[in-house]
Protein chains: 2
Amino acid sequence: MAERAKYTMRDVARLAGVSTSTVSAVINESVVVSPKRKERVLAAMSALDYQPDAIARSLKTGRSNAIGVIVPDITNAFYPEVIRGVEVAAQAAGYSVLLCDSSEDRAIEERHLTALFSRRVDGVILACCVNSRATEQIARRNIPVIFIDRLPPSRAVYSVCTDNVAAGQLAAEHLLGLGHKRIGMLAGHMGLSPHHDRLEGFRKAMQEAHLPILDEYLIAGNVQVEDGVEAGHRLLGLPTPPTAILASNNKLLLGVLQAVEERNISIPKDLSVLGFDDYLWNMHFSPGLTAVAQLTGDIGRKSFELLHQLIQNPPTDDTAPTHMLIPAELRIRNSTARR
Amino acid sequence: MAERAKYTMRDVARLAGVSTSTVSAVINESVVVSPKRKERVLAAMSALDYQPDAIARSLKTGRSNAIGVIVPDITNAFYPEVIRGVEVAAQAAGYSVLLCDSSEDRAIEERHLTALFSRRVDGVILACCVNSRATEQIARRNIPVIFIDRLPPSRAVYSVCTDNVAAGQLAAEHLLGLGHKRIGMLAGHMGLSPHHDRLEGFRKAMQEAHLPILDEYLIAGNVQVEDGVEAGHRLLGLPTPPTAILASNNKLLLGVLQAVEERNISIPKDLSVLGFDDYLWNMHFSPGLTAVAQLTGDIGRKSFELLHQLIQNPPTDDTAPTHMLIPAELRIRNSTARR
DNA sequence: CAATATTATCGTAACGTTTCGCTTGACAGC
DNA sequence: GCTGTCAAGCGAAACGTTACGATAATATTG
């Protein structure tokens, strides 16, 4: 009984009494085939439980119907949500997804790209790592690539990102609207475009409110929980500490919360805090955490759609790449309050 | 400049003045080739920036060096951690990962399996959905499949899972050790083996402590946050409510926490709570949440290792499949206290 | 009814590798 | 110098598809 069902188009053709071309025609509906024959072919196919070999097809057609997705760290809850958006859209369009994790390491990212190209993926969705050199590698091939979330040093690429400048502004304006004037920010890693842009949005909002940004209220650097703890203590230990803190990602926010806990400060009475990215558990903290949410599913879905479009309709070399901006959404809970 | 670097083995062979067989031999180190020629071939390869075509190779060799991974919901934080373990191990062994999300839907799961088989993956790692019929589909092929996290109705498959019976027991014994006697459990979905097994472990521990399990303390059914809220209220509204609650997954736990919040009950003074799965933010809640952690990275890594072994060394039909159990780990924080 | 247009189907040559049997040339033994 | 051995390298045939030109069968026209 353990026969391996490994039939080829030839077997189907023989059983149906037609040529392989006809079987192929039936499968791909590429040319019209008479109803009686079509019937026979379909019957033969299901009798043998025949599945076309995607590998052979790819070799012949030059298209793999697969795309690559590279993210720097899939355990960062942001990416699975994006990936799900990509996956669902890809699946609906008949594409498979090759997933790669670069561990925020340039060399690994490059290896993944090489492997994906070697597998002849039809396109790539890339959340590049810090100091990525991916653009150089991509320039040598002729495969469409969409950058998501993060932009490479040269921003001249197709991209789908949250409008982080607007997001930073939105966050700051929320706090300003609540009467805060002394606002601190854990700005994250300036080599990462989202952090860079959020800071720019923050600056813009403060400028428009004619408020200065004190140097000591701005802490940039790393992005882990411990970094948040340290920076939180630094801000809260100042002679005149800020009345509100903006944390540029969720790990920094957790760090701030820990510092707050350790100093027995009460949120939102003594301090308002606000983070970027919004996850299920944010609303289950007490108090619930106010956050600027990214529409992760949309980023995923739209980046696939853009990629798909590029695959079907390759751009000429002189068309400028598209930048798609996804709006961010303020979700007000109880960690921010009137000053 | 926009030349597409699309060279084949023939181009390399021509440039190096050898036959394609020799190029192939150099690449695969399959047969020995003289140093001078090897040198010439390597030079030609790098001169043309040649990359072997994985598709053509697969067609010829019958091996794709790719595996499929299917999970029911990649936004459930458990799976990304597992996937990362798989990804890293796979990458190290030269395999690529095709990721699929079944949305907990049997039909989608089946479609994904079909697509993976059609792509001739060398193996599959599968966290199957409720009432999965995957086993039937797999039986017809001859491709190794490892079930992870969840077992299908017929448990006669290769699997890598947390030892959930032990985990349930561990959780219950921790509470019993703290002096709790009235322990409630949100047992989750009995059609899912982890939940089923955790309940069994809980039962075992209670039995060994010679304590009864009251019917009204046991709530099984769904697994979402809202289900947790409702069940939490039901337990806490009892004339004699439990002094401790076990939640069989993290969403149910969040639900319980919400119910607790709404009833102004204090953890751990009035109630101890304990969940399964442990995530970054668990320790940042106040109080920090005690949990039985699964070693997600290990599950991923070991499932790939087992799969790899099966790929290289296909089992004969009469060898019984292996079940690998990964231990769980109790992480004590402040949501559980002495009664 | 011959000549032509229209289908429906088929045979065959790729796609870029790997594999395997065969040739070639060098060299040792007699 | 002749044969026999042995490496090293080569040519050609696959792997399972698709696509294209050719062909056979049928329908349409003057």
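The structure displayed is predicted, hence computed values, not measured ones.
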For side chain to side chain contact (heavy atoms under 4.5 Å, CB included), just list the numbers for B/Glu109 and B/Ser132, CA-CA rounded to whole Å, side-chain angles, deciding distance to a tenth of an Å, and then say yes or no. CA-CA 8 Å; B/Glu109 179 177 287; B/Ser132 170; 2.5 Å; yes
Is any side-chain N of the basic residue among B/Arg140 and B/Glu136 closer than 4.0 Å to the acidic one's carboxylate O? no
Partner residues of A/Asp53 under the salt bridge (charged side-chain N to carboxylate O under 4.0 Å, His left out) criterion, sequence neighbours left out: B/Arg120
Contacts of type side-chain hydrogen bond (donor to acceptor under 3.5 Å, both in side chains), residue B/Glu81, not counting sequence neighbours: B/Thr296
Between B/Tyr158 and B/His323, ring centroids under 6.0 Å: no
Using a 4.5 Å cut-off on heavy atoms from C-beta on, say whether the side chain of B/Asp73 contacts that of B/Glu104. no
State plainly whether the residues A/Lys6 and A/Asp11 are in salt-bridge range, i.e. N to O under 4.0 Å. no
Does any part of the side chain of A/Ile148, heavy atoms only, come nearer than 4.5 Å to the side chain of A/Leu126, both counted from C-beta? no
Interface residues of residues 15-34 of chain A with DNA chain D (non-hydrogen, below 4.0 angstrom): A/Ser21, A/Ser24, A/Asn28
Under 4.0 Å from a heavy atom of chain B: give me the 5'-most and 3'-most nucleotides of DNA chain C that qualify. C/dG16 to C/dT19
Using a heavy-atom distance cut-off of less than 4.0 Å, which residues of residues 53-65 of chain B contact DNA chain D? B/Leu59, B/Lys60
Any side-chain heavy atom of A/Pro52 sitting closer than 4.5 Å to one from A/Met9? no
Student check: side-chain heavy atoms of A/Arg301 and A/Val86 closer than 4.5 Å: no
Does anyone know the first and last nucleotide of DNA chain D in reach of chain B, 5' to 3', at under 4.0 angstrom to a heavy atom? D/dA8 to D/dG16
Indicate whether any N or O donor in one side chain lies under 3.5 Å from an N or O acceptor in the other, for B/Ser19 and B/Thr22. yes
Check whether any side-chain heavy atom of B/Arg57 lies under 4.5 Å from a side-chain heavy atom of B/Asn28, and answer yes or no. yes
